[in-house]
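Quantities reported herein were computed from a predicted structural model and do not represent experimental measurements.
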Amino acid sequence: QSFGPDIWANQTGQTFQIQHDGRRQQRQHMLDDVRGVKRRVPYACILLTLVHIAFFLMAMRENDWTFETLDRNPLWGPTAASLQKTGATCTECIQERGQWWRLLSSAGVHGGVVHLWVNALGVLLAGFVLESRHRSHKVLLIALISGILGSLATHVLVPTLVAGSASACFFGLVAAHVVDQCVNDNSVPALRERG
């Protein structure tokens, strides 16, 4: 008796078809993910990066387009006074002058070119992955809440520091990405064992 493809398909057709359909669905799901990533424009990431660049340019304009020496600002950027003028957290400004808007505005402030470059790259990388799986408004909301919480933490924990909390946006997106991977991805071993 010959077990060629025709006979094999007749004898075990149902099992073969189920395995084949499962693989086809898995490949189609992977292709849909890749197609979704390619088609979706990361509007939130682009907007966040442009806002960060705009805040940095405003701070540099306040500093007469000059960089501080590396011993005064190791991040290669403007003075603390220029950062304060463009919305950095400042305990005196927030508590005594009532400028609570600084908790939001400092989420766009960077200490220098190095800080801007690292955060912009991080926001684009971490945010792009999130935006490929979720909508832009959710990514913006995560970044906004993270930035405000970072500003509040800086204000409370280091009240003497004039600082920007743009890194909090980046770290919020990274944390959201890690949580998203753990909750929605079966490739994490601990989650795979639980089912």
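For the atom pair CG (L152) and CG (L104), the distance works out to 12.5 Å, reported to the nearest 0.5 Å.
Among pairs with a residue in residues 84-94, those fulfilling side-chain hydrogen bond (donor to acceptor under 3.5 Å, both in side chains) read E92-R97, at least two apart in sequence or across chains.
Side-chain contact between F170 and L121 is absent, with no heavy-atom pair separated by less than 4.5 Å. Residues V129 and L125 are not in side-chain contact: their nearest non-hydrogen atoms beyond the backbone lie 4.5 Å or more apart. Residues R102 and S151 have side chains not in contact (no heavy-atom distance under 4.5 Å, counting atoms from C-beta outward).
No donor-acceptor pair closer than 3.5 Å links the side chain of N73 to the backbone N or O of T79.
For D64 and T66, the side-chain atoms include no donor-acceptor pair closer than 3.5 Å.
Residues F56 and P78 share a closest heavy-atom pair of CE1-CD, 4.0 Å. Of all heavy-atom pairs between V109 and A166, the closest is O-CB, 3.4 Å. Heavy-atom minimum distance, A168 versus G150: CB-CA, 3.7 Å. For the residue pair S106 and A163, the shortest heavy atom distance occurs at CB-O, 3.9 Å. Scanning both residues, S105 and F55, for their nearest heavy atoms gives O-CE2, 3.5 Å.
Between F67 and W76, the angle of the ring planes stays under 30°, which puts this pair in the parallel group of the 30/60° scheme.
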Report all side-chain donor-acceptor pairs from residues 134-148 shorter than 3.5 Å, counting only partners two or more places apart or in another chain.
unit_1, atom_1, unit_2, atom_2, d
H134, NE2, D180, OD1, 2.9
S136, OG, E131, OE2, 2.5
S146, OG, I142, O, 2.7

message = For a side chain to side chain contact (heavy atoms under 4.5 Å, CB included) check, start with the C-alpha distance between F128 and I46, then their side-chain angles and the critical distance, and finish with the verdict.
response = CA-CA 9 Å; F128 180 74; I46 293 169; over 6 Å; no
